[in-house]
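Shown next, in structure tokens, is the structure this report addresses.
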Amino acid sequence: MSLSEQEKQLIEHSIERVAEVAGDPAPHVYARLFAQAPEMEALFVLDTDGNARGHMLSESLDCIFDFLGPRAYAPVLIQSELTNHEGFGVPPRIFATFFNVTMETFRDLLGAEWTTETDAAWGALLGELDAVVAAQAAKYGMAVV
């Protein structure tokens, strides 16, 4: 299943609005991630300036934008990052939740601007991303549970 043009536009608009409303959303995204998976915070002990976190969020947003467009590299990037993150001790289940954590954070940052249509569009996107994550993990014998 592919996202409709309207869904793609709603997602793109919500990402753009988050940047306008909150500036850099990385601190908010990672605060939520660490609240949901506190064991992950220790992996960022050397990231004292937040640059690694910012870079990782940027990569995930690039992946989303590719997913909304040509889908030229998103599945390969997901597979590569699953493997990289496993090497850092990040289980595939945590990796798989990052897109959802991003959406939840963006929803909170936009507050009343977040519509039911935006929520449905993100839901469709997350469903497709979850399927790609699960398929890529399965290729390499990783379980996403």
Side-chain angles (χ1 to χ4, degrees), residues 1-44 47 49-86 88-140 142-145:
M1 184 172 125
S2 185
L3 297 166
S4 71
E5 284 305 311
Q6 181 182 9
E7 289 171 323
K8 291 176 184 180
Q9 289 173 2
L10 286 166
I11 294 164
E12 288 175 4
H13 178 72
S14 68
I15 294 169
E16 291 166 358
R17 284 295 297 147
V18 163
E20 293 167 1
V21 168
D24 179 8
H28 303 283
V29 171
Y30 281 90
R32 181 181 294 271
L33 176 66
F34 298 153
Q36 290 183 13
E39 68 277 16
M40 292 297 103
E41 190 167 10
L43 296 175
F44 292 89
D47 184 28
D49 59 6
N51 283 339
R53 284 170 274 201
H55 175 74
M56 290 171 57
L57 179 59
S58 177
E59 287 284 319
S60 71
L61 293 174
D62 285 346
C63 184
I64 287 171
F65 280 116
D66 181 68
F67 217 80
L68 297 177
R71 297 189 185 194
Y73 65 88
V76 174
L77 177 65
I78 288 170
Q79 184 280 315
S80 174
E81 291 304 324
L82 272 168
T83 303
N84 288 341
H85 283 73
E86 185 179 48
F88 291 121
V90 178
R93 70 174 175 76
I94 297 294
F95 179 87
T97 65
F98 191 76
F99 292 113
N100 192 61
V101 166
T102 300
M103 181 278 300
E104 291 171 349
T105 304
F106 287 9
R107 181 186 60 212
D108 288 353
L109 289 170
L110 291 181
E113 285 188 46
W114 190 272
T115 66
T116 55
E117 292 83 7
T118 301
D119 201 61
W122 271 92
L125 171 67
L126 293 173
E128 290 189 27
L129 285 167
D130 285 348
V132 171
V133 169
Q136 293 299 327
K139 273 185 178 179
Y140 296 93
M142 299 175 187
V144 180
V145 290

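Since the model is a prediction, treat every value here as computed from it, not as a measurement.
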Problem set entry | Results of side chain to side chain contact (heavy atoms under 4.5 Å, CB included) for Tyr73 - residues two or more places apart only | Asp62, Asp66, Leu77

From [X] [atom1] over to [Y] [atom2], what is the distance, rounded to the nearest 0.5 angstrom?
X	Y	atom1	atom2	value
Leu10	Glu5	CG	CD	11.0 Å
Tyr140	Thr83	OH	OG1	6.5 Å
Gln79	Asn84	CD	CG	8.5 Å
Glu128	Ile64	CD	CD1	12.0 Å
Thr118	Gln9	OG1	CD	11.5 Å

So do the side chains of [X] and [Y] get within less than 4.5 Å of each other, counting heavy atoms only?
X	Y	value
Met56	Phe44	yes
Ile11	Phe106	no
Gln36	Ile94	no
Val101	Tyr30	no
Phe67	Leu129	yes
Trp114	Leu109	no

Quick one: closest heavy-atom pair of [X] and [Y], and the distance?
X	Y	result
Arg71	Pro75	O-CD, 4.4 Å
Asp24	Ala26	OD1-N, 2.9 Å
Leu3	Leu125	CD2-N, 3.7 Å
Phe99	Ser60	CE2-O, 3.7 Å
Glu12	Phe65	CG-CE2, 3.6 Å
Ser14	Leu110	O-CD1, 3.7 Å

For this session: Take atom CD of Gln6 as the centre, draw a 6.0 Å sphere, and report whether it contains more than 12 heavy atoms from other residues, nucleotides or ligands.
Result: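 Open: at most 12 neighbouring heavy atoms sit under 6.0 Å from CD of Gln6.
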
Exercise. What residue pairs, at least two apart or across chains, pass salt bridge (charged side-chain N to carboxylate O under 4.0 Å, His left out) with a residue in residues 110-120?
Worked result: Arg17-Glu113

Backbone N/O of [Y] and side chain of [X]: donor-acceptor pair under 3.5 Å:
X	Y	result
His85	Glu81	yes
Asp47	Arg53	yes
Thr97	Asn100	no

Exercise. Just by distance, with hydrogens left out, do Thr105 and Thr102 show a side-chain donor and acceptor under 3.5 Å apart?
Worked result: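 Judged by distance alone, the side chains do not pair up.
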
Exercise. Excluding sequence neighbours, so at least two apart, what forms side-chain hydrogen bond (donor to acceptor under 3.5 Å, both in side chains) with Glu86?
Worked result: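 Listed in chain order: nothing, the list is empty.
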
